[in-house]
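Here is the structure we will look at, set down as structure tokens.
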2 protein chains.
Amino acid sequence: MARLGVEAIRRQQLIDATLKVIEEHGFQGATIGKIAGASELSVGIVSHYFGGKQGLLEATMRYLLSCLQKDVAIYMAGRPNAPRERLLAIVDANFSGVQTNAQSAKTWLAFWTQAMHSPDLMRLQRVNERRLLSNLVFYLRQLMPTEQARSTAQTIAALIDGFWLRAAMSEGRIEPDQAITLCKSYIDHAIQANNGAC
Amino acid sequence: MARLGVEAIRRQQLIDATLKVIEEHGFQGATIGKIAGASELSVGIVSHYFGGKQGLLEATMRYLLSCLQKDVAIYMAGRPNAPRERLLAIVDANFSGVQTNAQSAKTWLAFWTQAMHSPDLMRLQRVNERRLLSNLVFYLRQLMPTEQARSTAQTIAALIDGFWLRAAMSEGRIEPDQAITLCKSYIDHAIQANNGAC
DNA sequence: TCGTTCATTGAACACCTATTCAATATACTG
DNA sequence: CAGTATATTGAATAGGTGTTCAATGAACGA
């Protein structure tokens with residue numbers, strides 16, 4: 001085995017196991033013992049690579065955020081460079097996680113809840129939120145006045161979060177297609193309202 | 001002391017203490033010991049009146065839901081009986097909790113998270129969700145076609161949840177006024193779009 | 001006043017969790 | 001093949017949690 005790669009492999013093993021256990025047993029039921037069992041490693045390895053449970057949870061959230069960021073990049077790369085197309089790509093990317101894994105919404109919600117009492121997690125969450133907002137504002141400003149762009153961005157962000165929340169609550173029977181359709185519908189309405197149409 | 005009223009008083013004491021402790025220490029940090037301390041009662045009383053910690057948490061969520069329902073009734077009573085007014089009242093009611101207590105959003109989020117792994121809490125959450133949706137659809141149908149009313153209701157519901165989530169995350173620096181304004185703005189846009197205006 | 005019922009207490013208990021660290025296994029080096 | 005460093009283990013530990021229940025306190029009726 002590649003000696004230098006062991007650490008990276010083990011870390012990812014543990015992060016994957018953490019996601020799996022949270023999905024299955026919830027945030028509260030995600031114990032070191034269960035995570036170690038799911039990763040087929042020992043309980044001691046968590047402290048060795050992450051300094052403790054908290055470190056593993058932070059790393060797991062960081063991983064989820066990086067996946068989201070990567071999805072945004074991918075969806076944008078596959079579309080023409082026009083403001084409206086960029087906005088729709090952002091919506092698609094933000095719901096791609098729901099499509100691939102219905103349970104992942106639960107994990108996000110668990111992290112959000114945990115973040116309120118953990119400054120480190122909260123900071124991560126804030127960075128992600130600001131990135132989404134500034135992304136939205138950037139493209140909306142090319143379609144409407146700055147002030148209105150800001151309001152519309154806030155509304156789109158709330159809409160995305162709201163549909164995620166509903167997806168998490170609906171226990172598998174989610175319809176991300178509907179959420180995407182409604183989000184895009186709102187975006188087009190907001191654009192048309194400023195296009196001087198009529 | 002009124003002998004027959006003791007039970008009701010104690011139950012409310014414990015529910016109030018639960019809300020206070022969750023606000024302060026989060027859902028995970030809300031232990032029987034802390035709740036008992038905050039209520040100035042003993043740890044044994046929880047099992048006596050609620051059968052255990054889980055029972056107390058369910059009763060607390062039930063209490064929050066009943067408060068929300070009461071708020072909706074109050075805000076509706078204070079406005080004229082017109083579809084648009086009713087819709088705006090629903091928005092106001094759903095954000096009244098944030099205004100009075102910035103931290104209560106955290107408690108809601110904690111309950112949502114908990115609900116995913118507790119069938120009883122999930123059932124309560126579903127009932128509440130359906131009530132909000134059917135309420136919205138009822139009034140929207142008087143302003144637009146049924147199909148569009150359904151979509152708009154879904155969007156409004158997601159918008160409300162999304163702004164609640166952002167309120168919970170923003171750690172006190174929330175601006176419910178802005179959330180209310182944006183929700184109402186969306187409602188008016190949706191109504192005008194179907195009014196054949198232009 | 002005494003006896004009875006209801007309300008409340010909180011120490012004792014059993015259970016669970018994260019962390020630690022000496023022992024062991026594994027993989028590289030000379 | 002030693003020898004050394006690294007990687008991994010998992011039993012032992014310490015701390016914390018919810019629940020129980022015998023004992024105590026308070027209020028009421030006869």
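In what follows, chains carry the letters A, B, and so on, assigned in the order in which the sequence lines appear, proteins first and then strands, with residues in each chain numbered from 1. Atoms considered below: every heavy atom in the structure, side chains included; atoms not considered: hydrogens, waters and symmetry mates.
Surrounding NZ of Lys20(B) are at most 12 heavy atoms belonging to other residues, nucleotides or ligands under 6.0 Å away.
In this entry the distance linking CD of Gln28(B) with P of dT17(C) reads 12 Å, nearest Å. Nucleotide dC16(C) holds its C1' atom 16 Å from the CD1 atom of Ile32(B), rounded to whole Å. Whole-Å rounding puts the Phe50(B) CZ to dT19(D) P distance at 13 Å. The interatomic distance linking Lys53(A) (NZ) with dA18(C) (C1') rounds to 8 Å, in whole Å. The CD1-P distance, from Ile45(A) to dT26(C), rounds to 13 Å in whole Å. For the pair Lys34(A) NZ and dC16(C) P, the computed distance is 10 Å after rounding to whole Å. To the nearest angstrom, C1' of dA26(D) lies 17 Å from CD of Glu7(B). Between the CD atom of Glu40(B) and the P atom of dT9(C) there is a distance of 10 Å, rounded to whole Å.
When distances are taken from the side chain of Val43(A) to each of dT9(D), dT9(C), dG10(D), the shortest belongs to dG10(D). Picking from dA7(D), dT19(D), dT8(C) the nucleotide with the shortest atom distance to the side chain of Val6(A) gives dA7(D). Of all nucleotides listed (dT8(C), dT19(C), dT9(D)), dT19(C) comes nearest to the side chain of Ser47(A).
Taking the six-membered ring for Trp and thresholds of 30 and 60 degrees, Trp108(A) and Trp164(A) have ring planes more than 60 degrees apart, a perpendicular arrangement.
OP1 and OP2 of dA7(D) both lie 4.0 Å or more from every side-chain N or O belonging to Tyr49(A). Between Arg10(A) and dT8(D) there is a side-chain N or O to OP1 or OP2 distance below 4.0 Å.
Nucleic acid contact for Thr31(B): sugar-phosphate only, since backbone atoms but no base atoms lie under 4.0 Å from a heavy atom of the residue.
Taking the ring centre of Phe50(B) as origin, the terminal cationic atom of Arg11(B) falls inside the region bounded by 6.0 Å and 45° from the ring axis.
The shortest distance between side-chain heavy atoms of Phe163(B) and Gln178(B) does not fall below 4.5 Å.
When each of Gly29(A) and His48(B) is assigned the nucleotide of DNA chain C bearing its nearest heavy atom, the one mapping closer to the 5' terminus is His48(B).
Of the residues listed (Leu136(A), Val137(A), Asn135(A)), the one engaging Tyr139(A) in a side-chain contact (heavy atoms from CB on, under 4.5 Å) is Asn135(A), and it is the only one.
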